[in-house]
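Written out below as structure tokens is the structure these notes cover.
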Amino acid sequence: MHRPIYLDCHATTPMDERVLEAMLPYFTEHFGNPSSISHTYGWEAEAAVKQGRQILADAINATPVEIIFTSGATEANNLAIKGVAEAYLSKGRHLITVQTEHNAVLDPCHYLETLGFEVTFLPVKDDGLVDLSQLEQAFRPDTILVSVMAANNEIGVLQPLAEIGDLCRQHNVLFHTDAAQAIGKIPLDVQSMKIDLMSLTAHKIYGPKGIGALYVRRRNPRVRLAPQLHGGGHERGMRSGTLYTPQIVGFAKAVELGLEEQPSESQRLIEL
Ligand SMILES: *Cc1c(COP(=O)(O)O)cnc(C)c1O
């Protein structure tokens, strides 16, 4: 059967065969629950999750405890935005984001508006980038969060994360970035870029669908987050639910391959 050439890789990508291969044993042979602490099946799964968490943390210069697994970037964005809004109510009810964000950022913000929060939706310049002086002017004493994406899913522009991080620190406001289109493609460093929360997903970089993560800074400053899913207290209480071991293994493998192949892959894409 004739299949059309696929040109929609910002919507999703096929899975890399090497990712699938890494995942397969965790569906059948090593199927344990990583939270089962009293037997081998649990320990095997726990070891795989631990390794995946380490790979993700290393990829963004974070520590493993700062990685909270989610079902994807949509959930990570919701957890970051609504979780911060709820946890920092006593500080204020104002958020800043950008008009060109993904709906998974815009819609949680619109939802917060219905609850009485105020959101500034900054426009972008002709080149698609945030105007830093406009951002600076938007800060208010009651601002609790700035959310600006790393790489745009429609036009590909890379926002100046480090400069935005600097401004947020100066104003003592948390900085969240949706890095769904950036992880595995460009270098990301939560320390040098002063990022407090970062949303990630696997399926834009040849990983499986249905897995992502939220980086949540634990020191300088320690970010507080109201969980949006309550239950067994997984992921430091921030996101309950049995961890999806095969997806986590696949996510980590995709990120690892992405980083390894970043220089040659960037070159290939530029040529295309
Ligand atoms: C794809 C995408 C999302 C949604 O990610 P899911 O993992 O599919 O929920 C969020 N933000 C951006 C920028 C994206 O490209």
Side-chain angles (χ1 to χ4, degrees), residues 6-16 19 23 52-53 55-56 59-60 67-84 95-112 119 121-122 124 128-130 145-161 164 175-188 190 193 195-216 228-229 235 238-239 241 243-244 246-255 257-258 265 269:
Y6 185 77
L7 292 171
D8 198 15
C9 283
H10 279 192
T12 197
T13 54
M15 221 165 66
D16 190 303
V19 170
M23 290 169 67
R53 206 186 288 283
I55 290 169
L56 284 167
I60 60 170
I67 302 294
I68 306 298
F69 285 112
T70 66
S71 61
T74 299
E75 190 193 332
N77 287 340
N78 272 266
L79 177 56
I81 293 166
K82 295 191 270 189
V84 164
L95 296 85
I96 301 170
T97 187
V98 183
Q99 290 169 5
T100 52
E101 290 292 314
H102 191 276
N103 278 334
V105 165
L106 295 175
D107 285 356
C109 288
H110 288 308
Y111 170 72
L112 288 177
V119 184
F121 295 93
L122 293 172
V124 292
L129 297 179
V130 170
L145 184 72
V146 167
S147 181
V148 180
M149 72 197 332
N152 188 276
N153 48 298
E154 293 186 27
I155 58 172
V157 292
L158 306 177
Q159 298 290 355
L161 297 184
I164 296 168
F175 176 30
H176 166 249
T177 188
D178 174 350
Q181 297 286 356
I183 179 78
K185 297 182 193 165
I186 57 166
L188 291 169
V190 295
M193 293 171 166
I195 292 162
D196 300 309
L197 299 124
M198 182 192 283
S199 301
L200 305 172
T201 191
H203 75 98
K204 308 283 173 71
I205 49 163
Y206 308 98
K209 293 170 185 61
I211 187 74
L214 181 65
Y215 157 75
V216 184
Q228 303 298 303
L229 280 181
E235 302 300 88
M238 292 182 189
R239 202 280 190 180
L243 289 171
Y244 197 176
Q247 307 302 96
I248 290 169
V249 168
F251 186 9
K253 187 71 183 174
V255 167
L257 292 170
E265 180 67 359
L269 294 177

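Remember, it's 1-based here, ligands and their atoms both numbered in the order they're listed. The model shown is predicted, which means the values in this text are computed figures rather than measured ones.
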Can you sort out which atoms of ligand 1 are near [X], meaning under 4.0 Å from one of its heavy atoms?
{"X": "Met149", "result": "13 (C)"}
{"X": "Gly72", "result": "7 (O)"}
{"X": "Asn153", "result": "13 (C), 15 (O)"}

Give yes if a backbone or side-chain nitrogen or oxygen of [X] is under 3.5 Å from a nitrogen or oxygen of ligand 1, and no if not.
{"X": "His203", "answer": "yes"}
{"X": "Thr74", "answer": "yes"}
{"X": "Thr201", "answer": "yes"}

Give the residue and atom name of whichever protein heavy atom lies nearest to atom 2 (C) of ligand 1, and the separation in Å to one decimal. Lys204 NZ, 2.4 Å
Who's the nearest protein heavy-atom neighbour of atom 10 (C) of ligand 1, and how far? Asp178 OD2, 3.5 Å
Using every non-hydrogen atom in the two residues, find where [X] and [Y] come nearest and quote the distance to one decimal.
{"X": "Ser199", "Y": "His176", "value": "OG-NE2, 2.8 Å"}
{"X": "Gly250", "Y": "Val19", "value": "O-CG1, 3.5 Å"}
{"X": "Val124", "Y": "Val130", "value": "CG1-N, 4.4 Å"}

Is the number of heavy atoms from other residues, nucleotides or ligands within 6.0 Å of CD (Glu154) greater than 12? no
Check this for me: Tyr111, atom OH, are more than 12 non-hydrogen atoms of other residues, nucleotides or ligands nearer than 6.0 Å?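 Counting neighbours around OH of Tyr111, 12 or fewer heavy atoms of other residues, nucleotides or ligands fall under 6.0 Å, so no.
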Looking only at heavy atoms, is any part of Ala73 under 4.0 Å from ligand 1, and if so is it the side chain, the backbone, or both, or is it neither?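 Both backbone and side chain.
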Pairwise distance CG(Asn153) to NZ(Lys204) - rounded to 0.5 angstrom: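 Going from CG on Asn153 over to NZ on Lys204, the span is 6.5 Å.
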Between Glu235 (side chain only) and Phe69 (backbone N and O only), is there a donor and an acceptor less than 3.5 Å apart? yes
